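These notes are about the structure you will find just below.
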Protein chains: 2
Amino acid sequence: MTTRRVNLNTESVDNYLKAIFALGGPEEERVSSTALADRLGVAPASITNMLQKLAAAPVPLVEYESRRGVRLSTAGRRRALEILRHHRLLETFLYEVLGYPIEEVHAEAERLEHFISERFEERIDAKLGRPKFDPHGHCIPALNGKMSKQTSRPLSDIEEDGEFVVDSISDRDSVLLKRLNVHGITPGVRLRVLMSSRGEFVLRASGRFKSLQLSLSDAGAVRIRSIG
Amino acid sequence: MTTRRVNLNTESVDNYLKAIFALGGPEEERVSSTALADRLGVAPASITNMLQKLAAAPVPLVEYESRRGVRLSTAGRRRALEILRHHRLLETFLYEVLGYPIEEVHAEAERLEHFISERFEERIDAKLGRPKFDPHGHCIPALNGKMSKQTSRPLSDIEEDGEFVVDSISDRDSVLLKRLNVHGITPGVRLRVLMSSRGEFVLRASGRFKSLQLSLSDAGAVRIRSIG
DNA sequence: GGACCATTTTAGGTGTACCTAAATATTTAG
DNA sequence: CTAAATATTTAGGTACACCTAAAATGGTCC
């Protein structure tokens, strides 16, 4: 029986790689099955299955030891960054060229990222003038897979009142995204932050009158950096 | 045992409906399994399977009697036209906005047509100024599914030398499409047609020096109308 | 009008990506 | 250090869209 080779160019594989990349964080730590199951909305058993497949490929996309979590191989990271590049270029394109509302770009990009060709990628990149950031403030990986490191930290890490610049905003919760947008909280904006009593954050964008209160978990969706 | 309901919102179903629509022609004649198998590059047995499923749905997408061929139901036709609209809007968009070479728009549109949202459709339609024709000269179905009738005929039907206007060109053969394009044979262009000896067609676009010889089957890909 | 041929359908299988339930390993808590 | 709780894997199934091989049907030709 020859080892039968499986097809790893599927939407599903894309999504697993993206999730592992996202959950691994900047240090690319090992990611647990449960965390993946949670993120992908899939039963833990399905995760095990897929990870075994990804690890057993002729060119493995992940390093996986049973019960020890998983992390991307070089090939897997390359693929993940390629998809992330598609995603962020698409978001930028939908926002800039097609005039999408900011809170809708993510869902559309999430579907299309798996199906656009290299040519499509190239054409929108050119049309947008080779952008470095998407409309949420996230860095767009370069063609060669290089991506600059984050110098920002989550708003939820702040412990004292202060003024900051909005670095980026997670695109995963469209309701929150819209709420932030309505209050002028968008990448690059100057932000006054007050810690309220019970671990809530009170924000006001520069030039705005209305403040906005955010829960700790919602504050995790906003990344900030120091002014300057 | 309750009748278990199946999911009919798949790329595959889209492709079957498109194929039935295309093969049925303007009269929407019944289409045979073999013709579909051929067009979709799928075994005849698979066709039977899918047609049974499409016909058995709570809202049937086709009318199907065993061994008598198939045709679209009202719901099926609506879906087919929706996808055709996506396809042609995408082609126009790729050509006009992203500057794709004409012979590449089809393949990309064919993949993306299944995944774009209503919003995407609306936005590109608006951006293009609500176009009525795609870059191959094909009519883009309106949102309500209306599509004007063809007044053109295939070049392959011509029996005597003459001058015509190019109406449209099939996008299915990208090599031919490119060849025609290079010779200036594009929708709206005035065309001189000479019948050569063995059922071949010799074409020259107005203002061009070089002629082009086309086989009968290739000539079937070009539709023409009378001058005026 | 019956035999042959092409078309179509039935029957039974494959690979992908899921699922649930049960078994097993690991971590944590007392 | 062991027992309970938690995390993970194995085992066995499902739906989808294909496949091949074999059976059934239908049209045509003498």
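Every chain is numbered from 1, with letters handed out A, B, ... down the list of sequences. Side chains are part of it too, since the values below use all heavy atoms of this structure and drop only hydrogens, waters and symmetry mates. The shown structure was predicted, so the numbers you read here are calculated from the model rather than taken from an experiment.
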How would you list all residue pairs meeting salt bridge (charged side-chain N to carboxylate O under 4.0 Å, His left out) that involve residues 137-160 of chain A, not counting sequence neighbours?
-> none

Please list, by residue number, the residues of residues 39-49 of chain B whose heavy atoms come closer than 4.0 Å to an atom of DNA chain D; answer none if no residue qualifies.
-> B/Gly41, B/Val42, B/Ala43, B/Ala45, B/Ser46

The correct set of residues in residues 58-70 of chain A placing a heavy atom under 4.0 Å from DNA chain C is A/Arg67

Residue B/Lys53, side-chain heavy atoms: nucleotide from C/dT9, D/dA17, C/dA17 that is nearest = D/dA17

Would you check, one step at a time, whether the test side-chain hydrogen bond (donor to acceptor under 3.5 Å, both in side chains) holds for A/Glu63 with A/Ser73?
-> CA-CA 6 Å; A/Glu63 290 166 25; A/Ser73 69; over 6 Å; no

Rounded to the nearest Å, what distance is computed from the [atom1] atom of residue [X] to the [atom2] atom of nucleotide [N]?
{"X": "A/Leu51", "N": "D/dT9", "atom1": "CG", "atom2": "C1'", "result": "11 Å"}
{"X": "B/Asn9", "N": "D/dC16", "atom1": "CG", "atom2": "C1'", "result": "14 Å"}
{"X": "B/Asn7", "N": "D/dA15", "atom1": "CG", "atom2": "C1'", "result": "10 Å"}

Scan A/Leu72, A/Leu61, A/Val6, A/Val70 and name whichever one has a side-chain contact (heavy atoms from CB on, under 4.5 Å) with A/Leu54.
-> A/Leu61

Is the B/Tyr100 to B/Tyr95 ring centre distance short of 6.0 Å?
-> no

Worked verdict on B/Glu91 versus B/His87 for side-chain hydrogen bond (donor to acceptor under 3.5 Å, both in side chains) = CA-CA 6 Å; B/Glu91 286 193 337; B/His87 183 84; 2.8 Å; yes

So which heavy atom on B/Leu36 is nearest to which on B/Tyr16, and how close?
-> CD2-O, 4.5 Å

Do A/Glu121 and A/Arg85 sit within salt-bridge range, that is, some charged N less than 4.0 Å from a carboxylate O?
-> yes

Go through the side-chain N and O atoms of B/Arg223 and B/Ser152 and say whether any donor and acceptor fall under 3.5 Å apart.
-> yes

